Student: 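One structure, as structure tokens, below. Some questions next.
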Amino acid sequence: MKILLIAATHGNELLGIKLYERLLKKRSPLLEKIDFVIGNPKAYAKKLRYTDKDLNRSYEASGTEYEVLRAREIKEYIRITSPDIVLDMHTTNCVQPNCLIVHNLDGDIKKKFLRASHIDTVLQVQAMGDIVGVGDNVIGYEVPNNAVTPMLLDAIAQDLQNFVSHRESHPDKKFYRMLGKIYKQDVSQQRAKSFVNFQKHDLGFVPIMTGNNSYKKQTDYLGFKASETEEIKV
Ligand SMILES: [Zn+2]
């Protein structure tokens with residue numbers, strides 16, 4: 001089993017860096033199974049999310065921006081090294097539970113990883129030129145910044161250990177399917193304040209990635225909407 005760990009796809013999100021540092025510090029035997037790559041080294045060095053363009057929107061893009069070229073390199077690297085699973089590590093300022101992100105549930109290897117992970121919230125996203133849509137074996141971690149503790153890092157390390165040892169942790173998952181964006185023009189600011197991520201709202205959907213001062217951002221949407229939770233066994 002070979003795991004490709006992609007840290008800092010967004011240069012200011014340090015979950016993958018901290019996880020790898022912890023494994024190094026402990027001289028973990030898991031290191032033998034892990035290949036480590038910094039997704040966006042230029043943005044990481046500058047403590048920025050990205051420099052020219054969001055790397056996680058560049059996997060299907062054409063152009064000559066730094067991130068588009070970097071996305072091409074990473075895709076080629078995955079093709080050449082053919083890891084069993086690719087983990088893309090993110091953090092967020094949003095208030096939300098720790099979650100795993102997939103493009104779909106196709107393929108046994110992804111389900112095997114989901115079963116091995118202690119995280120029970122799984123979000124299925126639509127492909128938006130991000131890495132989860134690139135290969136059939138990519139899983140994202142998305143955790144709030146303030147949840148990144150040594151305890152969480154050890155729990156994630158245990159996920160990886162379970163995976164390589166063919167062990168299960170939590171096969172029962174809360175599964176959410178992303179349906180689209182929540183546009184500002186459709187929701188009052190007052191209403192938007194009542195959103196709780198990953199909890200069904202009166203408006204009939206589950207808000208995802210809302211908050212984080214969304215109203216101040218230069219976007220026409222507040223976050224995403226997902227379908228109601230399904231309890232599934234992967
Ligand atoms: Zn991110």
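Throughout, residue positions are numbered sequentially from 1 according to the sequence presented. These numbers come from a predicted model, not from an experiment. Order of appearance sets the numbers: ligands from 1, and atoms from 1 within every ligand.
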Student: Would you please name every residue forming a side chain to side chain donor-acceptor pair (under 3.5 Å) with Arg79, sequence neighbours left out?
Tutor: Glu76
Student: Taking only residues two or more places apart in sequence or in another chain, which ones pass side-chain contact (heavy atoms from CB on, under 4.5 Å) with Asn12?
Tutor: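 side-chain contact (heavy atoms from CB on, under 4.5 Å) list for Asn12, sorted by chain: His10, Arg49.
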Student: So, using side-chain contact (heavy atoms from CB on, under 4.5 Å) as the criterion, who are the partners of Ala61 when residues are at least two apart?
Tutor: Lys53, Val68
Student: Should Lys112 and Asp84 count as an ion pair when the cut-off is N to O under 4.0 Å?
Tutor: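 No, Lys112 and Asp84 are not salt-bridged.
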Student: Going by side chain to side chain donor-acceptor pair (under 3.5 Å), Thr9 matches just one of Asp88, Asn56, Asp130. Which one?
Tutor: Asp88
Student: Leaving waters out, which protein N, O or S atoms fall under 2.8 Å from the Zn ion (ligand 1)?
Tutor: His10 ND1, Glu13 OE1, Glu13 OE2, His90 ND1
Student: So do Asp120 and Asp172 actually touch side chain to side chain, heavy atoms under 4.5 Å?
Tutor: no
